[in-house]
Protein chains: 2
Amino acid sequence: MTLSDPPPPRRSLTLRDVSEASGVSEMTVSRVLRGSADVSAKTRARVLAAAKQMGYVPNKIAGGLASQRVNLVGVIIPSLSNMVFPEVLSGINEVLEATPLQAVVGLSRYDPPHEERVLYEMLSWRPSGLIVAGLEHSEASRAMLRAADIPVVEIMDLDGEPVDSVVGISHRRAGADMARAIAAAGYRRIGFLGTKMPMDHRARKRFEGFTGALAREGIEVTDHEFYSGGSGLAKGREMTRAILERNPDLDFLYYSNDMIAAGGLLYCLGEGIDVPGRMGLAGFNGIELLDGLPLRPATIDIRRREIGRKAAEIIADCVQRGLASAHARIALDPVLDPGDTLRKPPA
Amino acid sequence: MTLSDPPPPRRSLTLRDVSEASGVSEMTVSRVLRGSADVSAKTRARVLAAAKQMGYVPNKIAGGLASQRVNLVGVIIPSLSNMVFPEVLSGINEVLEATPLQAVVGLSRYDPPHEERVLYEMLSWRPSGLIVAGLEHSEASRAMLRAADIPVVEIMDLDGEPVDSVVGISHRRAGADMARAIAAAGYRRIGFLGTKMPMDHRARKRFEGFTGALAREGIEVTDHEFYSGGSGLAKGREMTRAILERNPDLDFLYYSNDMIAAGGLLYCLGEGIDVPGRMGLAGFNGIELLDGLPLRPATIDIRRREIGRKAAEIIADCVQRGLASAHARIALDPVLDPGDTLRKPPA
DNA sequence: ATGAAAGCGCTAACAT
DNA sequence: ATGTTAGCGCTTTCAT
């Protein structure tokens, strides 16, 4: 022993350490730690005491390799900055917390090649299931999803061909529902304000459903205003100012989400525009955070938390029953709330 | 071969499969897939082609076990419903995307025993580093953090004793800064509206800093209004109505976050209260989403994204240099923005 | 109720 | 530049 013995590379504790400390075989220690029934109470107590005293933390990497089972559920969503996705995650977590499963989140950024990389990363952890936002993926991604041999749930959208299971609402229908409500309320000169849609398929489908249904009423969208980048009240204000400057005679503004709708509403009220008499507004998502505005904007609740819950339930069920797919299709109804901004007062 | 051969349990492809398909040893396949330099271009191409053709996805569980390195960074935050945390995560992701590291998120729900369980789960994956919100943890959690022998960064808060590194702002100072600004602007009858604080140490520290600094000016907080549950505009409205009903002569309302401050602002404006003349307001966090209100509420930016970036940089640096700790302390300055609601107009 | 042996799919370390 | 061997820390399977 010299003065300069290099410190041994500190390795974390193993089952073997607990085994030695408790005088019980590794195998039995493993049984105790996983809660197997076939262990005597005395042995169990001894092992548990030793493990706790040492601060032993099981190694799931080793466990996963040995058992060929990893209790991870991959979740791929476009981003966290759009409030809908954290809410979907909450729903997923609520369900998974009652199971041994644990969600791992990856962000696709509305970018299929990036999604492909994230998916590849996820699959390399051999998760027990996968929840992916949207139905549009690169061919390579779809191939990976099919080949993974695990339950896959695509969420948020129903309009398309799922790989396995799907939980969501029809955005075409949501758009059409809103269009009909707007037409029925008597509005005729309608402006659309929303994201640039190449990136966002669900926004595009809503828009298609919207214009389709309007067309059946003999109405066309009068003008559009598109944006990219984050949504916020300020963005809604700017866009509203811009579109109204071009088209002062619009009588309805349809926004692709509630946040920019709220900005638009504040703009209109600030300009002294009579809402909903002179001008109606509607958003999308059903964000509760925004209850408390001077008027409640019309919106459609896309049932974010329920989508998360249902998707997680499908995965949990498959895992428990040892199935590699469920082929479930859960169609939730989009719920239109006219709020205070979608009704012309009786003339 | 009978008609009822049970389907072989489908196992996913292994290095060995790629090795056989490409006629190259497993070891060399492994080298190619990890981008080692010592492989001939021809071999590399052959292996890559085979792997791609078969749809091989490496198994990180096995790789992690063999190499004793797992490129995961655990991140433990209280929740996703408070917008600040998704923003911190974005900062973390921005930095980690340029490294082989990958964040895994766990939610502590502002509940130390729950945090302890989440931490235990995280550590069982043997992550390369850990980022944890806050400085207050159960003794067992602190013991696990110390014993983990990996870099740990506690974020958001500076006021306390970190286990290893810390990145954040001083909430005591943020509270005191706002108190001084309010006093300097001439407000005197001040109400506080915020979360029930046993759960939220940072809110408590802000409140302590706030009342302490006010006391030095000879001012006391006139009344409080506490809430639990999610924040939203509606909550801010209700609380504001309640506190003003009890204390119609308050001249300033200090909210524990921007969302309820915005609700309060809308309430005041709706009631025709002159802001900031008759009544000043301030929130906390510096949420950009809310730019676009009729008036910009005073707030303090806690530099969420930077906190995430710095924390991730510390971890990435330690991992790269093989260090198990950094003992860094990064103090960011809270930035007070008086907005439009923290100045009495010249009388 | 407990233990012994084998091996999960990969990589470190050492050949060649 | 490529191959061989020996594990990583668990769990599975089979004995006892």
Side-chain angles (χ1 to χ4, degrees), chain A residues 8-48 50-51 54 56-72 100 123-128 149 322, chain B residues 9-48 50-51 54-72 100 123-128 149 322:
Chain A
R10 269 206 277 160
R11 314 186 322 83
S12 55
L13 297 167
T14 68
L15 264 190
R16 156 166 247 119
D17 297 312
V18 181
S19 163
E20 284 167 4
S22 62
V24 172
S25 78
E26 282 187 50
M27 197 52 238
T28 301
V29 173
S30 170
R31 287 190 180 104
V32 170
L33 264 21
R34 280 177 297 146
S36 159
D38 304 323
V39 182
S40 74
K42 197 163 60 174
T43 308
R44 176 189 310 284
R46 233 172 1 139
V47 169
L48 254 20
M54 311 168 73
Y56 171 73
V57 177
N59 184 330
K60 292 207 182 187
I61 298 287
L65 181 59
S67 66
Q68 301 286 79
R69 274 179 289 98
V70 176
N71 60 355
L72 255 24
L123 289 176
S124 73
W125 291 106
R126 299 295 189 268
S128 294
D149 201 34
Chain B
R10 271 205 277 160
R11 314 187 323 81
S12 54
L13 297 166
T14 69
L15 263 190
R16 156 166 248 119
D17 297 312
V18 181
S19 165
E20 283 167 5
S22 62
V24 173
S25 78
E26 283 186 49
M27 196 55 234
T28 299
V29 173
S30 169
R31 287 190 179 103
V32 170
L33 264 21
R34 280 177 299 147
S36 161
D38 304 323
V39 182
S40 73
K42 197 163 60 175
T43 308
R44 176 187 311 283
R46 223 157 24 123
V47 168
L48 255 19
M54 312 169 72
Y56 172 72
V57 178
N59 184 331
K60 292 206 184 190
I61 297 286
L65 182 60
S67 66
Q68 300 287 80
R69 274 179 290 96
V70 175
N71 60 356
L72 255 23
L123 288 176
S124 73
W125 291 106
R126 298 296 188 269
S128 292
D149 202 33

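Below, read A as the first sequence line, B as the second, and so on, with proteins coming before strands; counting in each chain starts at 1. Small disclaimer: the values here were computed from a predicted structure and weren't measured. Atom set for the values below is all heavy atoms of this structure, side chains included, hydrogens, waters and symmetry mates excluded.
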Colleague: Along nucleotides 8-16 of chain D, 5' to 3', which nucleotides get a B, which get an S, and which get a -, given that the test is a protein heavy-atom distance under 4.0 Å?
Modeller: BBBBB----

Colleague: Starting from the first five and the last five pairs of the helix from C:dA1-D:dT16 to C:dT16-D:dA1, work out the angle between the resulting helix axes, to 10 degrees.
Modeller: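 That helix has its two terminal axes inclined by roughly 30°.
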
Colleague: Would you say A:Ser128 and A:Arg69 are linked by a side-chain donor-acceptor pair, where the criterion is simply a distance under 3.5 Å?
Modeller: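 The answer is no; no qualifying pair exists.
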
Colleague: Report the C-alpha separation of A:Trp125 and B:Leu72 in whole Å, then their side-chain angles, then the decisive distance to 0.1 Å, and conclude whether the side chain to side chain contact (heavy atoms under 4.5 Å, CB included) test is met.
Modeller: CA-CA 11 Å; A:Trp125 291 106; B:Leu72 255 23; 3.6 Å; yes

Colleague: Whether the B:Ser30 and B:Arg34 side chains hold a donor-acceptor pair (N or O, under 3.5 Å, no angle test) is what I'd like checked.
Modeller: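 B:Ser30 vs B:Arg34: donor-acceptor pair found between side chains.
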
Colleague: To the nearest Å, how far apart are B:Asp38 CG and C:dA15 C1'?
Modeller: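 Nearest whole value for this atom pair: 15 Å.
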
Colleague: Could you tell me how far apart A:Arg46 (CZ) and C:dA1 (C1') are, to the nearest whole angstrom?
Modeller: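 It is 13 Å, rounded to the nearest whole Å.
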
Colleague: Quick one: does any side-chain atom of B:Arg46 pair with a main-chain N or O of B:Val24 as donor and acceptor, under 3.5 Å?
Modeller: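 Not a single qualifying donor-acceptor pair exists.
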
Colleague: So among A:Val29, A:Val32, A:Val18, which one has a side chain to side chain contact (heavy atoms under 4.5 Å, CB included) with A:Leu48?
Modeller: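 Per the side chain to side chain contact (heavy atoms under 4.5 Å, CB included) rule, the option paired with A:Leu48 is A:Val32, out of A:Val29, A:Val32, A:Val18.
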
Colleague: Is B:Thr28 close enough to D:dG3 that one of its side-chain N or O atoms is under 4.0 Å from OP1 or OP2 there?
Modeller: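 Yes.
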
Colleague: Please evaluate residues B:Leu33 and B:Val47 with respect to the criterion side chain to side chain contact (heavy atoms under 4.5 Å, CB included), reporting the C-alpha separation (whole Å), side-chain torsions for both, the decisive distance (0.1 Å), and the verdict.
Modeller: CA-CA 8 Å; B:Leu33 264 21; B:Val47 168; 4.2 Å; yes

Colleague: Test side chain to side chain contact (heavy atoms under 4.5 Å, CB included) on B:Ile61 and B:Leu65 and set out the steps.
Modeller: CA-CA 6 Å; B:Ile61 297 286; B:Leu65 182 60; 5.9 Å; no

Colleague: Respond yes when some side-chain nitrogen or oxygen of B:Thr43 is under 4.0 Å from OP1 or OP2 of D:dA1, and no when none is.
Modeller: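 Looking at the OP1 and OP2 atoms of D:dA1, neither is under 4.0 Å from any side-chain N or O of B:Thr43.
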
Colleague: Take A:Val57 and B:Arg126, measure what side chain to side chain contact (heavy atoms under 4.5 Å, CB included) needs, and give me the verdict at the end.
Modeller: CA-CA 9 Å; A:Val57 177; B:Arg126 298 296 188 269; 3.8 Å; yes

Colleague: Rounding to a whole Å, what distance do you find between B:Asn71:CG and C:dC10:P?
Modeller: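 It is 15 Å, rounded to the nearest whole Å.
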
